[in-house]
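Read the structure below first, then the notes.
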Protein chains: 2
Amino acid sequence: MKDKTVIDLSALRVTCQSCGLYQFCLPMGLAEGDMERLDSVIKRRRKIEKGEYLYRMHDAFSTVYAIRSGSVKTYTSIESGAEQVTGFHLPGELLGLNAVSTQHHTNSAIALETTSVCEVPFERLEELARDIPSMQHHMLHVMSQEIQSDHCQLMMIAKMPAEARLARFLLSLSAHFGNRGFSATEFHLSMSRNDIANLLGLAVETVSRLFSHFQDEGLLSVERKHIVIHDMDGLMNTTAQGSSQPLPKDSSSNQRP
Amino acid sequence: MKDKTVIDLSALRVTCQSCGLYQFCLPMGLAEGDMERLDSVIKRRRKIEKGEYLYRMHDAFSTVYAIRSGSVKTYTSIESGAEQVTGFHLPGELLGLNAVSTQHHTNSAIALETTSVCEVPFERLEELARDIPSMQHHMLHVMSQEIQSDHCQLMMIAKMPAEARLARFLLSLSAHFGNRGFSATEFHLSMSRNDIANLLGLAVETVSRLFSHFQDEGLLSVERKHIVIHDMDGLMNTTAQGSSQPLPKDSSSNQRP
DNA sequence: AAAAATTATTGACCTAGATCAATAACTCAT
DNA sequence: ATGAGTTATTGATCTAGGTCAATAATTTTT
């Protein structure tokens, strides 16, 4: 039986210090006083149910979002109707900054499960960034990371075989969870096979077959969305399409899994 | 016969106002006084011969580069030796910002032809950005644009057939030149077929065949690196793999709000 | 200016992964 | 619980584009 008051209390106190993720999130590296200024700017905490949108492509841009819990899929689409998943986003990640240049969102963000986010008005954040050098730097840092991770994704889709792409995807998820104190070898996929396939530029069927194949090889166990990695090194080896294995680093403190 | 003194004079005066590209470049939208402050920060003008590196992957990051003339190819590589071209960069573009997060470059930038760049020490730029709101905004703007263009590239490689990828590539070059007052229908490719293929995630042979194919269709003439587009609409149609044609927008016609 | 090296084109063939199709397993609304 | 609608798995086939190979055009080196 749960004590409702505890839940309500935590919901009321919207402070970064009280959030377990603050060292991965926006306030990363801020001095105490600056963190309070940031707190005063964070509008509120919002709860998003599975399938709800955080924002949609073409929406006016005014707010960036920090994920507290849950997970979010972002994707762009073109007129022809084709969609491209651009990433899955986990707690601590900052979403929406890439709309700065157009002033409207160029992708949609939809919750993959019940998700809680902090909303930060971008204008206020820009003001803060002027006064707090480390905040300004952090925003550039976050965007720079996103670019790097996009380049990595590009390379993966353009140059690596299907097997290596899925292995890398799983390893990066694993690293992400590991970094945050969760199990790196056993976790839950909040996204569908379809979404994974789309992100990796593959057909669903290929992803399905690869999961089965990895399982047959004894590299992992997969049962629907539950993954247990048995042979991390083995998985890594499959990501090396040439000779030496390129270890996948957690694009961590932020960005894509 | 050329008058050397004119050339020397323009080389001496390192001011943004005197540069034909200033409305596409870093000083975009700056007030006059602010532009002078920017001028005082720009270290020098550097000339890079074809094949020389502006910077290499893993180099320490200290400087961002604005291209004045010529063109630059950026690419990342992984341990296995595979390389991924991440972009071709033309006058007015700003290079290097994506190294902010790691403090060292994660890609290499090599000149495709004789190229002239302005060097801006990043630390000084960060300082300026604190004092000049529109400069801070512009830096975020540039990075946001880069992310959007990477997402577009991702979508292209993951979802579009080879023909559409090359057509889009040519159209975006065309738009870029058009925007800068050059011919949108006749231009020179400074990059090799190999580089184009790499950027688009294709084999050289495929690119070659597609050029021939486009020519057979009467869409364009190609002679080595010289391109003349005859049927812009026709080219656009080939980029629509489904139904309606997604018009390619120039990746770098920066508009400040 | 000739030789060597690089870059581009074209053809013949082949394969990784897409597509099509048929179940099976799960989710959700009633 | 029950049926409708998803989502996942597996097999059979097909194809876009990759690979291999030969040649030509161009650039670079000597």
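Order of the sequence lines sets the chain letters (A, B, ...), proteins ahead of strands, with each chain counted from 1.
R193(A) places a side-chain N or O within donor-acceptor distance of the main-chain N or O of R224(A), the cut-off being under 3.5 Å. Side-chain N or O atoms of E186(B) include none that pairs as donor or acceptor with a backbone N or O of I227(B) at under 3.5 Å. Although no hydrogens or angles enter the test, the distance criterion places a donor-acceptor pair under 3.5 Å between the side chain of S212(B) and the main chain of S208(B). With hydrogens and angles disregarded, no donor-acceptor distance shorter than 3.5 Å links the side chain of K47(B) to the backbone of T115(B). Proximity of a side-chain donor or acceptor of S116(B) to a complementary backbone N or O of R68(B) within less than 3.5 Å is not detected.
Considering only side-chain atoms of S208(B), the nucleotide from dT7(C), dA18(C), dT10(C) that sits closest is dT10(C).
Of the options V64(B), T63(B), V72(B), V117(B), a side-chain contact (heavy atoms from CB on, under 4.5 Å) to L95(B) is made by V72(B) and by none of the others. The only member of Q153(B), E146(B), Q84(B) that meets side chain to side chain donor-acceptor pair (under 3.5 Å) when paired with H151(A) is E146(B).
Side-chain contact between L90(B) and F177(B) is present, with at least one heavy-atom pair separated by less than 4.5 Å.
Checked against a 6.0 Å centroid threshold, the rings of Y65(A) and Y55(A) count as neighbours.
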Interface polar pairs with nucleotides 25-28 of chain C, N/O, under 3.5 angstrom:
none

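Using a 4.0 Å heavy-atom cutoff across all strands shown, G201(A) reaches sugar-phosphate atoms only and no base atom.
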query: Does the pair H104(A) and D59(A) meet the rule for a side chain to side chain donor-acceptor pair (under 3.5 Å), with working shown?
result: CA-CA 5 Å; H104(A) 60 257; D59(A) 281 356; over 6 Å; no
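Scanning DNA chain D 5' to 3' for nucleotides with an atom closer than 4.0 angstrom to a non-hydrogen atom of chain A gives a first and last hit of dT7(D) to dA12(D).
Nucleotides of DNA chain C nearest to L202(A) and V204(B) differ in position, and the one nearer the 5' end is that of V204(B). The 5' end of DNA chain C is approached more closely, in terms of each residue's nearest nucleotide, by E163(A) than by the other of E163(A) and E205(A).
Counting to the nearest Å, the P atom of dT7(C) and the CZ atom of F211(B) are 16 Å from each other. Here dT6(C) presents its P atom at 18 Å from CG of L112(B), a figure rounded to the nearest Å. dA18(C) atom P lies 9 Å from atom CZ of R209(A), rounded to whole Å. Atom CZ of R165(A) is separated from atom P of dA16(C) by 13 Å (rounded to the nearest Å). One atom, CE of M160(A), and another, P of dG17(C), lie 11 Å apart when rounded to the nearest Å.
Within the helix from dA1(C)-dT30(D) to dT30(C)-dA1(D), the inter-axis angle between the opening and closing five-pair segments is 60°, rounded to 10°.
Y53(A) carries R56(A) over the face of its six-membered ring, with the cationic atom under 6.0 Å from the centre and within 45° of the normal.
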